Amino acid sequence: MTNTDVSKVFDELADLLEIQGANPFRVRAYRNAARTVGDLAESVADIVSVDAGRLRDLSGIGDDLAKKIATIIQTGELPQLNELREQVPQGVRDMLRVAGLGPKKAAALWKELSITSLDQLKQAAEQGQIASLKGFGKKTEQHILEGLSQVEQAGQRVYLADAKPLADAIVADLAKLPAVKQVSAAGSVRRLKETVGDLDVLATADDSAGPMDALAKHSLVEKVLARGETKQRVRLKGGLEMDLRVVPEKSYGAAMQYFTGSKEHNIVIRRRAQERGLKLNEYGIFRGDEQVAGRTEEDVYAAVGLPWIPPELRENRGEIERAECGELAKLKLIELDDMRGDLHMHTTATDGNASIREMVDGAKARGLKYIAITDHSKRVTMANGLDATRLRAHWKEIDKVRQQVSGIEVLRGIECDILEDATLDLPDDVLAEADWVVAVLHYGLKQPQDQIMKRLLTAIRSPYVSVIGHPSARIVGKRPPVAWNLDEMLRAAADHGVMMDINAHPSRLDLDDVSAAAARDLGIPIVISTDAHAVTGLDVMQYGIYQARRAGLTAKDVANTRPWGEFKKLLRRK
Ligand code: DGT
Ligand code: CA
Ligand code: CA
């Protein structure tokens, strides 16, 4: 049980209570608990195992919540949540996955229109029944239809950040079995794709029973769905499914190549084998009946005339051509260790939960040499956004911290909204005083392309804007990108010397891999930043790095890998 697992229990509890119309204070207590636990640097499981009494020292956690946390850690579940799940139909709970539908609206749809499934929701919206409900209207009805189509497209995929730790844990545990010789994740997790449909794990062992029995008993596994001689399919707690395949050692490389995918990449590799008079399948590469390769992936690629290709790039987006001409062999993809700075984060001045000093210390502890504090501008009233006066006062506070710390540079930044009317949320004289300005779209995301482009270009042409943050404004699996013209935006950024961000949060990863590669091709410096709202939020940098690797980026392509002395030269001249 990780802090995130515990935090999810409280979030769901709060959602279900809110759907039932429970006392708002109670709902808020659970939401606060979810956030406190989720943002905590220390593992609550460790606290419980050493001294559960210490839970009550956490802000907002009293006796009752402390007991609940201990129950979740010790039993993996909370009886109260199980009861609530039985009281609220699955279809109503599913509504929370539709963008724009929170617990209150879901409750209204359930109670007023007796809707208990997403199909019924779609039907009601199509028939115009939702617009007339109090608090809904024509626009909301339209948003629900759009949200539903996003949910359909997303299917049951989960974020890489939720899937990868499970795959890593299972692989590590299988590796400990004496019977297992080799074991690794394959499939989309190995390709570090932003969302994952199911986990694929491969192992070699003399006898498949050993690893399969161990997996059946694994603490993360809920149920064995099917088991054959070489393949076992299980459902994990939480619903994600996993295939384990046990293959002979002489086929391990071929199986890894085959089951890592992508399908599109494999089609081309198989064609190359055929062109050489070879047959490629998950057991190996064969000439007639004779196996000529398959023990390692390197073998397999060599047999089709290629160097080994990093899994992140295997999407048939040009990687095979680049491998062929020798370009890939020289490419050293970016790593977490390359990062020197983080240029997007929040503090208690707006919606973060840590002070400037805490964020600075957290960044230092993670080996960073420079950061920018970028709290929200005033348009984001929900997050207590800063107007000119408060921002200047906040910068004074940043200056104070700057004087107290050494070994790290702290930039006075701002996350400045690009307003719906294509003006910036703060006046030029204020922005001119900033060291670092992240310009972002938060509102009016459904505007037509003309207006979206006008907004992006206004920001790019401003002499004070350093970088466009989460440029497409998408939420993975929930909200589509804005109606931009990517090429036009990138060309303008290249012309004006504005950088492009890869927001590393697992729900954003924005720019995505394809767009980031396009930015790199135009020579635009790319920044990878965490958008941390807590000290632990700094740790999502890894997911930004994964996306950058899928874009084929090296350390040189990413501005905040440079030492401070060099990075400083990239800051815009005012
Ligand atoms: P996912 O699970 O949807 O996130 O994506 P993957 O890529 O993990 O796909 P999955 O689990 O269906 O299959 C794992 C890999 O196995 C896939 O990337 C390529 C390979 N594979 C599966 N089915 C086929 C197939 O019909 N033809 C070929 N060439 N490869 C396949
Ligand atoms: Ca898969
Ligand atoms: Ca699979």
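Whatever order the structure lists them in is the order used to number ligands and atoms, beginning at 1. Predicted model only: the values in this text are computed from it and were never measured.
- The protein reaches atom 18 (O) of ligand 1 closely, with a heavy atom under 4.0 angstrom from it.
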Exercise. Would R366 and D342 satisfy salt bridge (charged side-chain N to carboxylate O under 4.0 Å, His left out), going step by step from the backbone distance to the final call?
Worked result: CA-CA 10 Å; R366 285 161 180 76; D342 186 348; over 6 Å; no
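- Ionic pairing of K193 and D513 is not present here: no N-O contact between side-chain nitrogen and carboxylate oxygen is shorter than 4.0 angstrom.
- Of the possible polar contacts, none joining the T374 side chain to the E415 backbone as a donor-acceptor pair under 3.5 Å is found.
- The number of heavy-atom neighbours closer than 6.0 Å to NZ of K237, taken from other residues, nucleotides and ligands shown, is above 12.
- Atoms of ligand 1 lying under 4.0 Å from any heavy atom of V196, numbered from 1 in the order shown and given with element: 4 (O).
- Between H470 and H442, the ring planes lie tilted relative to each other; the angle falls in the 30° to 60° range.
- Below 4.0 Å from some heavy atom of R191 lie the following atoms of ligand 1, by number and element: 7 (O), 18 (O).
- By the 4.0 Å heavy-atom criterion, D243 is excluded from the residues contacting ligand 1.
- Within the protein, the number of N, O or S atoms lying under 3.0 Å from the Ca ion (ligand 2) is 3.
- Looking at Q257 and N266, their side chains do bring a donor and an acceptor atom within 3.5 Å of each other.
- Residue-ligand proximity, F259 to ligand 1, at heavy-atom distances under 4.0 Å covers atoms 14 (C), 15 (C), 16 (O).
- Residue I267 places no heavy atom under 4.0 Å from ligand 1.
- Scanning the protein heavy atoms around atom 4 (O) of ligand 1, the nearest turns out to be S188 OG, 2.5 Å.
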For this session: Starting from the C-alpha separation in whole Å, work towards a yes-or-no answer on salt bridge (charged side-chain N to carboxylate O under 4.0 Å, His left out) for K8 and D11.
Result: CA-CA 5 Å; K8 278 185 186 157; D11 262 330; over 6 Å; no
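- Relative ring orientation between H344 and H346 is described as tilted, the plane-to-plane angle lying within the 30° to 60° band.
- At least one N or O atom of R157 sits closer than 3.5 Å to an N or O atom of ligand 1.
- Per-residue contacts place G187 under 4.0 angstrom from the following atoms of ligand 1 (heavy atoms of the residue considered): 8 (O).
- Each of the atoms 18 (O) of ligand 1 lies under 4.0 Å from some heavy atom of T260.
- Proximity of atom 12 (O) of ligand 1 to the protein is not indicated, since no non-hydrogen protein atom lies closer than 4.0 angstrom.
- In terms of N/O distances under 3.5 Å, ligand 1 is approached by G197.
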For this session: List the steps and the verdict of side-chain hydrogen bond (donor to acceptor under 3.5 Å, both in side chains) for N82 and E86.
Result: CA-CA 6 Å; N82 297 343; E86 278 172 26; over 6 Å; no
Exercise. Could you go step by step and tell me if D539 and T536 meet the side-chain hydrogen bond (donor to acceptor under 3.5 Å, both in side chains) rule?
Worked result: CA-CA 6 Å; D539 294 323; T536 50; 5.8 Å; no
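- Considering backbone and side-chain N/O of D198, one or more are found under 3.5 Å from N/O of ligand 1.
- Of all the heavy atoms in L236 and V221, the pair that sits closest is CD2-CG2, 3.8 Å.
- When the shell of 6.0 Å around CD of E275 is examined, it contains more than 12 heavy atoms from other residues, nucleotides or ligands.
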